[in-house]
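All heavy atoms count here, side chains included; hydrogens, waters and symmetry mates do not. Count residues from 1 along the sequence.
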Amino acid sequence: MKTHYYLGWFNNFFPENLCRLLQEDITDRKSLAMITSNSSIYEDDCATERSWLDQAGIMFDEYHLINYRVQKKDAQTKIQNASVIFLLGGNTLKQNGFLMEYELSDSIKKSSAVVMGASAGAINMSAKWLCSKSFGYKVEMSSVYDGIGLDNFSVLSHFDLENNIALVQSELSLLSEEINIYASNKDCAVRVKEDKIDVLGNVFLISHSKIQKLDETLKF
């Protein structure tokens with residue numbers, strides 16, 4: 001049963017309802033594979049994201065941080081053997097490049113692990129995403145990048161959405177004609193389990209150039 005969590009960013013810890021969902025979904029806790037978004041910065045020890053899981057009472061026998069210190073073949077093996085795969089937040093473009101360079105997308109898609117992504121990680125889990133200066137990327141021209149494609153939609157995660165609704169709608173209008181886009185800010189989550197989508201927090205759906213706030217299926 002495929003289970004995917006597209007997370008925003010949590011300034012404190014996971015809310016109780018999200019903890020409960022994760023406790024239910026993460027039954028195999030042998031190995032956690034964390035994919036950094038700053039693969040060449042070895043001091044990035046993923047302490048924040050790991051603390052969220054620790055606080056939720058979800059501990060693993062083994063923890064693996066995947067960056068350039070790990071050989072490509074070893075990285076793929078750690079992904080294949082992981083109980084949970086967590087794509088960390090940070091630099092979306094660098095993480096996307098690392099996923100392509102290390103050929104990790106296929107391993108992640110084939111895995112039966114629970115897959116989670118926070119902020120940049122959530123964006124790279126999606127099928128496609130827009131890289132635009134309006135969203136804080138240091139680029140001159142907007143481009144659409146391919147993500148892993150765990151589910152056939154796009155994600156805009158951890159962006160100051162509430163104060164930029166018109167901008168977001170305008171920027172994502174063209175892509176939303178092709179694919180649904182789930183947009184959220186902090187303290188939000190979208191869970192996909194089989195074909196069911198659960199929404200926690202303030203999440204918006206942009207589809208065919210129209211934007212609407214989704215009802216929470218589980219209240220924080």
Quick one, S209 with Q169, criterion side chain to side chain donor-acceptor pair (under 3.5 Å). Give me CA distance, side-chain angles, the key distance, then yes/no. CA-CA 7 Å; S209 301; Q169 188 171 3; over 6 Å; no
Stepwise side chain to side chain contact (heavy atoms under 4.5 Å, CB included) check, I108 with I35: CA-CA 11 Å; I108 296 170; I35 302 173; 3.7 Å; yes
Apply side chain to side chain contact (heavy atoms under 4.5 Å, CB included) to the pair R50 and L53, showing each step before the final yes or no. CA-CA 5 Å; R50 184 168 163 176; L53 291 170; 5.7 Å; no
Could you walk me through whether N180 and S207 pass the side chain to side chain donor-acceptor pair (under 3.5 Å) check? CA-CA 5 Å; N180 283 345; S207 181; 2.8 Å; yes
Kindly indicate, with the supporting measurements, whether the criterion side chain to side chain contact (heavy atoms under 4.5 Å, CB included) is fulfilled by F204 and V168. CA-CA 11 Å; F204 292 76; V168 167; over 6 Å; no
Under the criterion side chain to side chain donor-acceptor pair (under 3.5 Å), I'd like the reasoning laid out for N91 against S37: C-alpha separation, chi angles, the key distance, then a yes or no. CA-CA 5 Å; N91 190 311; S37 64; over 6 Å; no
Does S184 form a side chain to side chain contact (heavy atoms under 4.5 Å, CB included) with V203? I'd like the steps, not just the answer. CA-CA 5 Å; S184 66; V203 179; 4.0 Å; yes
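N67 and T36 are not linked by any side-chain donor-acceptor pair at a separation below 3.5 angstrom, with hydrogens and angles left out of the test. For the residue pair H158 / N185, no side-chain donor-acceptor distance below 3.5 Å is found, with atom types taken as modelled. Q76 and S107 form no side-chain donor-acceptor contact under 3.5 Å, judged by distance and modelled atom types alone.
At least one side-chain heavy atom of L200 sits less than 4.5 Å from a side-chain heavy atom of L21. In this structure, the side chains of L88 and L65 come closer than 4.5 Å at one or more pairs of heavy atoms. Contact of the K30 side chain with the E62 side chain is not registered, since no non-hydrogen atoms from C-beta on lie closer than 4.5 Å. Residues D54 and I58 are not in side-chain contact: their nearest non-hydrogen atoms beyond the backbone lie 4.5 Å or more apart. Residues S31 and H64 form a side-chain contact, since some pair of their non-hydrogen atoms from C-beta on lies under 4.5 Å apart. Taking 4.5 Å as the limit, every side-chain heavy atom of I197 sits out of range of all side-chain heavy atoms of R191. Using a 4.5 Å heavy-atom threshold, the side chains of N11 and K186 count as touching. Counting heavy atoms from C-beta outward, L214 and N202 have side chains that stay 4.5 Å or more apart.
At distances below 3.5 Å, at least one donor-acceptor pair connects side-chain atoms of E216 with backbone N or O atoms of G201. A distance-only check finds no donor-acceptor pair linking the side chain of S170 to the backbone of A166 [under 3.5 Å]. Within the 3.5 Å criterion, the main-chain N or O of L87 finds no donor-acceptor partner in the side chain of Q95. Not a single donor-acceptor pair under 3.5 Å links the side chain of S154 to the backbone N or O of S176.
With rounding to the nearest 0.5 Å, the separation of CG in L150 from NZ in K2 is 8.0 Å. Remark: T217 OG1 to K196 NZ distance equals 5.0 Å, nearest 0.5 Å. We find the CH2-SG distance between W9 and C188 to be 14.0 Å, quoted to the nearest 0.5 Å. To the nearest 0.5 Å, atom CD of residue E177 and atom CD1 of residue I206 are 11.5 Å apart. Atom-to-atom distance recorded for I85:CD1 and S112:OG is 8.5 Å, nearest 0.5 angstrom. Note that CD1 of I211 is 14.5 Å distant from NE2 of H208, once rounded to the nearest 0.5 Å.
Salt bridge status for R20 with E16: absent, with no side-chain N to carboxylate O gap under 4.0 Å. Ion pairing between D25 and K193 holds under the 4.0 Å rule for side-chain N and carboxylate O. A salt bridge is defined here as a Lys NZ or Arg NE, NH1 or NH2 lying under 4.0 Å from an Asp or Glu carboxylate O, and K128 with E178 meets this definition. Under a 4.0 Å N-O distance rule, the pair K133/E140 qualifies as a salt bridge.
Residue pairs meeting the ring pair (Phe, Tyr, Trp, His ring centres under 6.0 Å) criterion with at least one partner in residues 113-156, sequence neighbours excluded, are Y6-F153, W129-Y137, W129-Y145, F135-F159, F153-Y182.
Annotation for N12: atom CG does not count as buried by contact number, only 12 or fewer foreign heavy atoms lying within 6.0 Å. Sparse packing is recorded around CG of L174, with 12 or fewer heavy atoms of other residues, nucleotides or ligands lying under 6.0 Å away. Within 6.0 Å of CD in E24 there are more than 12 heavy atoms belonging to other residues, nucleotides or ligands.
The minimum heavy-atom distance between S111 and A82, with the atom names listed, is OG-O, 4.5 Å. Closest heavy-atom contact between S157 and V155: CB-CG1, 3.8 Å. F14 and A56 get closest at one heavy-atom pair: CD1-CB, 4.4 Å. The shortest non-hydrogen separation linking E171 to S132 is OE1-OG, 2.6 Å. In terms of heavy-atom proximity, R29 sits nearest to M59 at CB-O, 3.3 Å.
For W52 and F10, the distance between ring centers is under 6.0 angstrom.
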Listed pairs under 3.5 Å, donor-acceptor, residues 96-103 side chains, sequence neighbours left out:
residue	atom	partner	partner atom	Å
N96	ND2	N124	OD1	3.0
N96	ND2	D146	O	3.0
E101	OE1	Y68	OH	2.6
Y102	OH	V70	O	2.7
E103	OE2	K72	NZ	3.2

